[in-house]
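Numbers restart at 1 for each chain; the letters A, B, ... are given by sequence-line order, proteins then strands.
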Amino acid sequence: MKDINLLHIVISLLGIMGMVSLNAVLVVWLERKTAGRMQFRHGPMEVGFHGILQTLADGIKLVSKQLVAPSHADTALFIMAPVVSLVPIFVAMMPIPFSATILAHETDTGLLLVIALGLLNTLGILLAGWGSDNKYGLLGGTRAVGQILAYKIPLLLTVLTIVILAGSFSLREIAMSQNGLWNAFMQPVAFLIYIVCIVLETNRSPFDMAEAESELVAGFHTEYSGMAFSMFFLAEYSYMFVAAALATVMFLGGWHGPILPAPIWFILKVYFLLFLMIWFRWTFPRVRIDQMLMMGWKVLLPISLINFLITAVVLAL
Amino acid sequence: MITSYVHEIVRGTGSLLAGMKVTIKAMLSRTQTVQWPRQYLTLPQRFRGHIQLVPVESTGYPKCFACGNCARTCPSKCITVKGKKPEGAKKKSPTTFLLDFTKCSLCGLCVESCPVSALGFSKDYAMAGPSRQDFAEMDLLSSLASPFSTQASKEKDHG
Ligand code: SF4
Ligand code: SF4
């Protein structure tokens, strides 16, 4: 392992913070624009060119609002939850390779690190639901836990399939191993399962069980306002970025691509996947909690297991 | 058993793709909303807004001769007309023409009952006000030229 010095950490953290904020501004704008156009509306048009700065204006509004905690809330948990949800992002962004050389910090187990940190998001949601002393919040929080049980195992199995193909847990090496053929073509089934899993992981419609507006008001963030709410918001969009970046590395050949420079290819692929997730959200209705669990245990799990076994056998032969 | 399981997955995926095709098509087609207040909708010929007085083309004065037919016909009694003869004219002209738009049901009976077609529907759909009273006495004469204004100012000068 390369030695870590303070300057390196500070610079990468600053870069990541910039990246996270820029990404949130862009993706929220893209989301609202797409939603509008899919419903024959314009979407935001007023702030900046075609509303590109709308998210910034909304952010300023949220920061200026008061954070109100319910009187019976567990204040420590209530305040902690959004932090627990957001902070792991900054670490999870570290091992993501934007090109062969541009990455904040390389570890041999980058893939495991990112996936493990992704779990903390669910912890944040559970804490928020538990801490806010609200039945909708609590239901949202427990749903998030039920959801994580249903998708984490198939997710890990597909990840393992890719790991035995590439022979490494390092994100950089996985991306490098796909110089010729992308894993999306080698492992189409794993790719599809992974796409479903990242929608589940980022808590987005059609699997936004934890916030399900039509059933739970706003689920785990019912009681949140102001800055704390915007931290959950930021966390959601940042996890989307991390999940899409992971998918790009594992299935879409990372930064490999003709003509354009490597980081541009990487960003393009990530934003294609983000657009795909937005597209899902504005097309599919939310599934019921039992349907989601059924899909996780009865469809994703067996198929990913079979896919993993077949891959392992073929590689061993 | 296993075939129906596979069949279900394939059919479900197919229907998801069909849904995505619908939304992407919608996304690439034209938007239906306009950027109000910078853009206005072009309304159909027969759009019924609130009623308004039709002017005589040459003078810009209202066609109305204050016969009161419309006020009598109105089922909600929301029109108030008063008129008198301007100097040297054969017909009366309205001095007051008030519409209580809070009661009007846009039925159009007044428009039909007018013997000289002096009433029509406006195309103004963007009406809003902080209080209901803003629409209780809409002065329909205000947007037209008046045969009295010159006379009234003359009288003022003399007085
Ligand atoms: S449209 Fe009907 S309700 Fe309205 S003023 Fe005319 S007659 Fe009265
Ligand atoms: S019926 Fe026609 S002419 Fe008579 S008062 Fe009404 S608008 Fe004027």
Does a sphere of radius 6.0 Å around [atom1] in [X] hold more than 12 heavy atoms from other residues, nucleotides or ligands, not counting ones at 6.0 Å or beyond?
X: Lys77(B); atom1: NZ; result: yes
X: Phe185(A); atom1: CZ; result: no
X: Glu137(B); atom1: CD; result: no

Worksheet item: Salt-bridged, Arg38(B) to Glu46(A), with N to O below 4.0 Å?
Response: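 Yes, charged N to carboxylate O under 4.0 Å.
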Worksheet item: Is the backbone of Val34(B) close enough, under 3.5 Å, to the side chain of His42(A) for a donor and an acceptor to pair up by distance?
Response: no
Discussion item. I'd like to know if the side chain of Arg30(B) reaches the main chain of Phe40(A), judged simply by a donor and an acceptor atom lying under 3.5 Å from each other, with no hydrogens or angles considered.
Written reply: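 Side chain of Arg30(B) to backbone of Phe40(A): no pair is present.
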Item to complete: Sort Pro206(A) into side chain, backbone, both or neither according to what part of it lies under 4.5 angstrom from a heavy atom of chain B.
Response: neither
Fill in: Part of Leu192(A) within contact of chain B (heavy atom distance under 4.5 Å)
neither
Worksheet, complete the sentence: Rounded to the nearest 0.5 Å, the CE atom of Met45(A) sits from the OG1 atom of Thr33(B) at a distance of 8.5 Å
Practice prompt. With side chain to side chain contact (heavy atoms under 4.5 Å, CB included) as the test, would you mind laying out the steps for Arg41(A) and Thr31(B) before giving the verdict?
Written response: CA-CA 5 Å; Arg41(A) 295 184 286 111; Thr31(B) 52; 5.8 Å; no
Worksheet item: For chain A, which residues from residues 46-60 of chain B have at least one heavy atom closer than 4.5 Å to it?
Response: none
Fill in: Heavy-atom contacts under 4.5 Å, residues 13-24 of chain B to chain A
Leu16(B), Gly19(B), Met20(B), Thr23(B), Ile24(B)
Practice prompt. Provide the closest heavy-atom pair for Arg37(A) versus Ser29(B) in the form atom of the first, atom of the second, distance.
Written response: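 Closest heavy-atom pair between Arg37(A) and Ser29(B): NH2-O, 3.1 Å.
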